[in-house]
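First up is the structure itself, then whatever we jot down about it.
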Amino acid sequence: YVALTAPFRLGGIDWNAEVGFTPWEGMYADKFNVTNLSLKASKEIKVTDSFSLPLFTQVVFNPYTEGAYFVLGLSL
């Protein structure tokens, strides 16, 4: 499995675009296939002067299995 990631900042939000693929038959596919396309956005939300929540959301799509996922989380 090989993943290529491109982090960038846009609109005051940290973004991360990723494409992942398996170059040959293996655990994720039976031949070369793209198995992960994702876009992640993260931002620290200030709650008080001394506390903020590091939140993120991510959309993930696997073209090989045609699965799509939406993730919302908190980074610690």
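Residues: numbered from 1 along the sequence shown.
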Checklist line | Nearest heavy atoms of Leu37 and Pro63, plus distance in Å | finding: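 Where Leu37 meets Pro63 most closely, the heavy atoms are CD1-CG, 3.8 Å.
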Item checked: Aromatic ring pairing Phe8/Trp15, orientation class (parallel under 30°, perpendicular over 60°, tilted between) ->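 Correct class here is parallel.
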Notebook entry, point to check: Can you name the side-chain contact (heavy atoms from CB on, under 4.5 Å) partners of Tyr64, sequence neighbours left out?
Noted result: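 By the side-chain contact (heavy atoms from CB on, under 4.5 Å) rule, Tyr64 matches Ala29, Asp30, Asn33, Thr35, Asn62.
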Notebook entry, point to check: Of all residues at least two apart in sequence or in a different chain, which pass the ring-ring contact (aromatic ring centres under 6.0 Å, His included) check with Phe56?
Noted result: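 Testing Phe56 for ring-ring contact (aromatic ring centres under 6.0 Å, His included), a comparison that skips the adjacent residues, returns none.
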Margin query: Can you list everything that forms a ring-ring contact (aromatic ring centres under 6.0 Å, His included) with Tyr1? Sequence neighbours excluded, please.
Written below: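 Listed in chain order: Tyr28.
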Less than 3.5 Å apart, which donor and acceptor atoms pair up between the side chains of residues 66-75 and the rest of the protein, not counting sequence neighbours?
none

Check: Can you list every salt bridge (Lys or Arg N to Asp or Glu O under 4.0 Å) pair that touches residues 7-26, not counting sequence neighbours?
Finding: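 Listed by first then second residue: Arg9-Asp14.
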Report all side-chain donor-acceptor pairs from residues 38-48 shorter than 3.5 Å, counting only partners two or more places apart or in another chain.
| residue | atom | partner | partner atom | Å |
| --- | --- | --- | --- | --- |
| Lys43 | NZ | Gly12 | O | 3.4 |
| Glu44 | OE1 | Ser52 | OG | 2.8 |
| Thr48 | OG1 | Ser50 | N | 3.3 |
| Thr48 | OG1 | Phe51 | N | 3.1 |

